[in-house]
Amino acid sequence: MPYDRIDARILEIVQKNNRLTSEVIGELAGLSATACQRRLKRLRSEGIIESDVSIVSPKAVGRPIQMLVLVTMERERSDIIDRFKKAIKSSAEVVNGFYVTGDADFVLYVTASSMEEYEEFTRRFFYVNPDIKGFRTMVVLDRVKAGFAVPVETPCEG
């Protein structure tokens, strides 16, 4: 999925604010609005832009309890891993889920309205799953940074 330096500039711009109009993005990237729209459409269709989202404050919507949960599976078989990935995707409480290397198999970012709700979630999500060996919960004291922006490498002109 190749992209050029203008695409890289567009990606930097929309990662900071995806509500800008094509006119404004184009102006910042040195393009017409129409050319900018074409490039954005291609970046989305090629999967370089995966999604356009708004970052919502968990506290503002009644989910002030945030946890990072390290999950260890009983064994690493592809069917077990795939089943757990599917469970993560279908759980509203799991905001982000990562299949990782190291001491844990998965790291989950989970929100809840209360510790009681989180306890209920653990019973429903972890304790009834025989494929889970264990899990460790870390309660988030302060969300220091929230976002999805990744550094965009500018391709060399060749």
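When the shell of 6.0 Å around CZ of R83 is examined, it contains more than 12 heavy atoms from other residues, nucleotides or ligands. Heavy atoms of other residues, nucleotides or ligands lying less than 6.0 angstrom from CD of E27 number 12 at most.
In this structure T34 satisfies the side chain to side chain donor-acceptor pair (under 3.5 Å) test with no other residue, sequence neighbours excluded.
Screening residues 38-74 for ring pair (Phe, Tyr, Trp, His ring centres under 6.0 Å) gives no qualifying pairs among residues at least two apart or on separate chains.
No side-chain heavy atom of E50 sits under 4.5 Å from any side-chain heavy atom of R44. I13 has its side chain out of reach of N18: every pair of non-hydrogen atoms, C-beta onward, lies at least 4.5 Å apart. Here the side chains of R39 and D4 are in contact, with some heavy-atom distance below 4.5 Å. Here the side chains of R123 and V128 are not in contact, with every heavy-atom distance at 4.5 Å or above. Side-chain contact between D52 and R19 is absent, with no heavy-atom pair separated by less than 4.5 Å. The shortest side-chain heavy-atom distance between I48 and L11 falls under the 4.5 Å cut-off. Annotation: side chain of Y109 is not in contact with side chain of E93 (no heavy-atom distance under 4.5 Å). By the 4.5 Å heavy-atom criterion applied to side chains, E117 and R63 are counted as neighbours.
In terms of heavy atoms, S22 sits closest to Q37 at OG-CG, 3.0 Å. Summarising the geometry of P58 relative to R143, their closest heavy-atom pair is CD-NH1, 3.4 Å, with the distance given to 0.1 Å. Closest approach of I10 to C36, counting heavy atoms only: CD1-SG, 4.5 Å. Taking all atoms of both residues into account, the shortest heavy-atom contact from I55 to G147 is CD1-CA, 3.4 Å. Of all heavy-atom pairs spanning T72 and D103, the tightest one is OG1-O, 3.7 Å. Of all heavy-atom pairs between E12 and V152, the closest is OE2-O, 4.0 Å.
Atom CD1 of I25 and atom CG of L31 lie 10.5 Å apart (nearest 0.5 Å). Interatomic distance, Q66 CD to L141 CG, rounded to the nearest 0.5 Å: 10.0 Å. Note that CE of M138 and CG of L70 are 4.0 Å apart. Values are rounded to the nearest 0.5 Å. Atom-to-atom distance recorded for E74:CD and D131:CG is 8.0 Å, nearest 0.5 angstrom.
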* To do: Would you sort out whether L20 and V14 count as a side chain to side chain contact (heavy atoms under 4.5 Å, CB included), showing the intermediate values?
  => CA-CA 8 Å; L20 297 175; V14 297; over 6 Å; no
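The hydrophobic cluster containing F126, built from Ile/Leu/Val/Met/Phe/Trp/Tyr side-chain heavy atoms closer than 4.5 Å, also comprises I65, M67, V69, V71, M73, I80, I81, F84, I88, V94, Y99, F106, L108, V110, M115, Y118, F121, F125, Y127, I132, F135, V139.
In this structure, the side chain of S91 does not engage the main chain of A87 through any donor-acceptor pair within 3.5 Å.
Salt bridge status for E119 with R124: absent, with no side-chain N to carboxylate O gap under 4.0 Å.
Residues V100 and V140 fall within the same hydrophobic cluster, defined by Ile, Leu, Val, Met, Phe, Trp and Tyr side chains chained together at heavy-atom separations under 4.5 Å.
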